[in-house]
Asks: 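Structure incoming, see below.
Numbered from 1 within each chain, the chains take letters A, B, ... in sequence-line order. Computation of the quantities below employed the complete heavy-atom set of this structure, encompassing side-chain atoms and omitting hydrogens, waters and symmetry-equivalent molecules. In this text the structure is predicted, and so the values were computed from the model without any measurement.
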Amino acid sequence: MEAVDEAPGAALDEAPGAALEVEGVTVSFGGLLALDEVNLDVDARSVTGLIGPNGAGKTTLFNAICGLQSMRRGSVTLDGKNLSRSAPHVRARRGLARTFQRLEVFGSLSVRDNVRVAAELHNRFSDVTGEADATVEPILERVGIADIADEYVDSLPTGIARLVELARALATEPKVLLLDEPSSGLDPSETSEMGNLLTEISSEGLAVLLVEHDVGLVMSTCQRVYVLEFGRIIACGTSEEIRGNEQVQAAYLGAGRGD
Amino acid sequence: MNVHDFVEFTVFGLTAGGIFFVSASGLVVTYATTGVFNFAHGAIGMMAAFLYWQLTVESGWPALLVVVLIVVVIAPLFGLLIERLLIRGLYGASLATTLVVTVGLLVGLIGIAGEIWEPQRRVVSPFFKDGGFELFGIGFFQGGGSDLFGVPVTWHRAITFFIAVAVAVGLRILLYNTRIGTTMRATVDDRDLVALNGARPAWAGAAAWALGASLAALAGILLASAFSSLDIIVITLLVVDAYAAAVVGRLRSLPMTFLGAMILGLLVNYTVGYLPFAFADDRLPRYLQALPSAIPAIMLFVVLLLLPQARLRGSRLISASKVKVASLRSSLLGGVLLVAAALLVVQFASTDNLFELGKGLGLALVVLSLLPLTGYAGQVSLGQLAFAGVGAWAMVEFGDTSPWLGLLMAVAITAAVGAIVSLPALRLDGLYLALMTLAFAVFMEVLIFRLESILGPDSNLVPRLDLPGLNMDSQGTYFVFMAVVYALLAIGILAMRRAAFGRRLIAMRDSPAACATLGMSTNRTKLLVFTMSAAIAGLGGAVYWGFQGTVTAVEFTMVASLVVLLLAVIGGVSTASGALLGGLFFAIVTIISQEIPELDWLPAIAPAVVGISLARNPDGAVAEIAARLRDQFLGRRTKADGDGEHDPLTDLDATLPLGADLTPVQIEALDRELAIEEVSVGSR
């Protein structure tokens, strides 16, 4: 935890109260501590990175934040409201959306209907009175999947299916968006488009938490980066600080790294 | 309160609890190892009990030899056979598919047993007729009757209880102290990971089914020898009762299952003992004597209420349905065609055949209730005929004043009953909903429908709906009317499918976890669709039994409810025409069996056999053929199932526990994934 204290967080927006505050989140599977007192803030209008080796607990943290995994201790606060005891769908209605590392698309619906389901749910449970369909098309365009809107998601390659998940999450007009490896399965040019899209949507006010193995994408889009190892945050700082942090290199890149 | 009675009921209760445990432990072992819940467990026990009777009583073989032969040789081989032929291909399949296979097996085995062993009085004697032992100075059964506070504790009862304890201890040792047991437990958590680590999950699955069948057989034989006379359904249901005990252990924990079994055994026997009818049959109405047989269903209901909310699961490996949704135009066209076909049938069919086809059409209305529930939402109900029975009863009860009021009440009451039945299971995995509906079907069969104030022992007249200008008393007119009802219902359900609610149902089936993170209350959505499905079944029941003209309680058996599910799968569970095909299938099979006396077993066995063979494609054979033809003529190729869904790289994070020992394959995968910059893979 020392690294956290050392990290000056110079680039951070110091506005009081982040959009998403995670405090002391602890999750155990049997006797195994999967997450140990994890603290993390995600600010509005920014992309925050979360990196770490496989098995570090990144997906478990996402599950705990959105309520799919029960916590032993800790709290999850969204826009100042404590949601630690809320069901997943309540958290979602309060403005939390996510994508999944292991795909959770609606395979027997078309791309458009995947997004439409999300828009319809959002309209049902918010004050929005417009037609859900009106919000679907712009999102499909924006994510770049409008041309395959009538395809069944089941028949799409993994990378494109991840874009469907992203579009679906955006259709709920969230305040906080959790993305679990959105670039996996995308080619380099698609990945760079993804980076631009993330920068764009965050600049509109969204708080984005990004789990990603593509270090290039993390470094180019994230204002702040957390490093998780064995269920603990071992470092936090700007991209440059993380890149230069020896503890991070040792933990994340392994002993095999020559230089 | 009398000590003698209390001890007596306790001894009986512990004996029954022992049998429940032997049975429930078999269920737990197969479910925990393979993730497939064996609904045919009770039927395997029943077959074993009848085989035991056949060999000991009919052929005169020594009892001990027969027990060993069945429990150690025949039943395990049967379990292996089932696993090899039916179950092995199902790992990771959808709930509907696995359910249909074992439900089909249950119905099929009951049908086969009914063919082999015609109803007659069959008596199986207890293991030891005389002899006894002493415990703490209390003579147990000396010279055929020793006692505990004056209660005879027969050798048979003592042995039953000790067998249960031995099974519990033996299973514990097997699962925790042997290699195969460890593999079996690991297989539950992650099949693929077990395979990666060099163990053989297929072997564990086969062993679990062999063991499960063996335990079912043991339970069946113990039951048989505790009863004065064997009955196919009674023995099957008693083994089925063990579900309630297994659920106490959440289908995983053997110690909790033991506790559940003992509670169940004691509850049943205290109910027998402390309700006054046990002492004086004439003091309470006779129907209440069935109350003890409803105890397991009531217990299941209560236990499900107490279980905590389950974790929402993600998508299953095999989920997507390739069925196209019919447009308004084509569903209207289909409706018109159906009514036209019905008019033709009325012209040309004989009176007898029209009656059977009409019953098929009525049954199709009930089967149609599974379209939104199973076809769209992926939830399974095993009690649809019981809901239809509630509808038929409402028609009898309220239809006298006005048949339309009867219909209205049929819909309203079944909807309410459906909501109550599904309520405790909504928070849990779909399997628990299926178990709850099965318990409901049993509860209605053994207790409610027989009540004098409901349907009673005799047949009841069911009024028909009246329409101005039509003579609904004519079979032909009413037949066409049923076709119109089917067409309207199907058009309505399809319209709902194309609307927002329909999309939500499909989304919930494909990934409940994703739905929740988009703001859907899956509990509420499940409640709505289940209530809707029950209401359709109730409406179907009211119309169907109107065609038949009379209704009797014995028509609404658990097995008949299971057949409704099988028919849905035979026709295609996710198309609006599927239910019709399922109903017609049953009608045609019945007509054939009436025309050809040698084939009189067909209605009992054909739905099971065809249902099992189609279970892997619950969209139905028709949907598959249609899709193939469409592909052929439109030149479109569909991609293979599960393409790209399971990339070993992206799965690592989800499957690896912290600090796990890695296999070379995993290390290589990790290395590749971590090689984000110029890290060389071979550098370790």
Side-chain angles (χ1 to χ4, degrees), chain A residues 29 32-34 53-55 57-59 66-70 87-89 91-93 96-98 100-109 113-114 116-118 120-122 124-125 132 152 154-155 157-158 161 165 168-169 172 181 184-185 213-215 230-231 252-258, chain B residues 309 311-312 314-315 319-323 500-501 503-504 506-524 574 638-647 649-654 656-660 669-671 673-684:
Chain A
F29 298 124
L32 199 75
L33 264 190
N54 273 300
K58 304 182 295 289
T59 296
C66 73
L68 291 177
Q69 170 68 52
S70 58
H89 66 273
R91 299 182 196 206
R93 290 177 196 177
L96 187 67
R98 73 170 287 185
F100 295 83
Q101 181 209 27
R102 211 170 171 160
L103 283 176
E104 292 289 348
V105 285
F106 308 136
S108 28
L109 291 177
D113 279 351
N114 264 261
R116 196 190 270 172
V117 165
E120 282 163 350
L121 281 167
H122 177 62
R124 247 173 101 81
F125 298 110
Y152 282 82
D154 201 43
S155 61
T158 315
E165 283 201 357
R168 196 176 63 182
T172 67
E181 299 193 20
S184 112
H213 278 298
D214 186 324
V215 169
F230 293 119
Y252 190 61
L253 302 174
R257 192 177 154 83
Chain B
Q309 166 97 40
R311 254 189 91 175
L312 287 169
S315 53
S319 67
S321 162
K322 300 284 185 287
V323 172
F501 185 63
R503 278 189 287 277
R504 280 205 289 282
I506 302 288
M508 184 173 71
R509 178 192 65 194
D510 283 358
S511 174
C515 284
T517 62
L518 295 172
M520 180 199 293
S521 162
T522 51
N523 294 351
R524 187 169 172 277
S574 45
T638 41
K639 286 193 70 170
D641 281 0
D643 180 35
E645 287 261 328
H646 265 256
D647 180 356
L649 290 181
T650 49
D651 278 354
L652 277 171
D653 199 45
L656 272 185
L658 285 174
L670 271 177
D671 281 351
E673 191 168 20
L674 288 174
I676 24 178
E677 286 175 344
E678 314 82 4
V679 185
S680 97
V681 172
S683 65
R684 273 165 198 262

Asks: Please assess A/Phe106 against B/Leu518 for the test side chain to side chain contact (heavy atoms under 4.5 Å, CB included), listing each intermediate value before the final yes or no.
Replies: CA-CA 12 Å; A/Phe106 308 136; B/Leu518 295 172; 3.9 Å; yes
Asks: Looking only at heavy atoms, what is the nearest atom pair of A/Arg93 and B/Gly519, with distance?
Replies: NE-O, 2.8 Å
Asks: Does A/His89 reach the side chain of B/Thr522, with side-chain heavy atoms less than 4.5 Å apart?
Replies: no
Asks: Which pair of heavy atoms, one from A/Ala92 and one from B/Ala516, lies closest together, and at what distance?
Replies: CB-O, 3.6 Å
Asks: Listed by chain and number, what are the side-chain contact (heavy atoms from CB on, under 4.5 Å) partners of B/Arg503, not counting sequence neighbours?
Replies: A/Asp113, A/Arg116, A/Val117, A/Glu120, B/Arg497, B/Ala500
Asks: Atom OG of B/Ser511 and atom CG of A/Asn114: how far apart are they, to the nearest 0.5 Å?
Replies: 10.0 Å
Asks: Please tell me if the side chains of B/Cys515 and A/Glu104 come closer than 4.5 Å, counting only heavy atoms from C-beta onward.
Replies: no
Asks: Supply the atom-to-atom distance B/Met520 CE to A/His122 NE2, rounded to the nearest 0.5 angstrom.
Replies: 15.5 Å
Asks: Step by step, would you call B/Thr517 with A/Leu68 a side chain to side chain contact (heavy atoms under 4.5 Å, CB included)?
Replies: CA-CA 8 Å; B/Thr517 62; A/Leu68 291 177; 4.0 Å; yes
Asks: Just by distance, no angles: are the side chains of A/Ser108 and B/Arg509 close enough, under 3.5 Å, to form a donor-acceptor pair?
Replies: yes
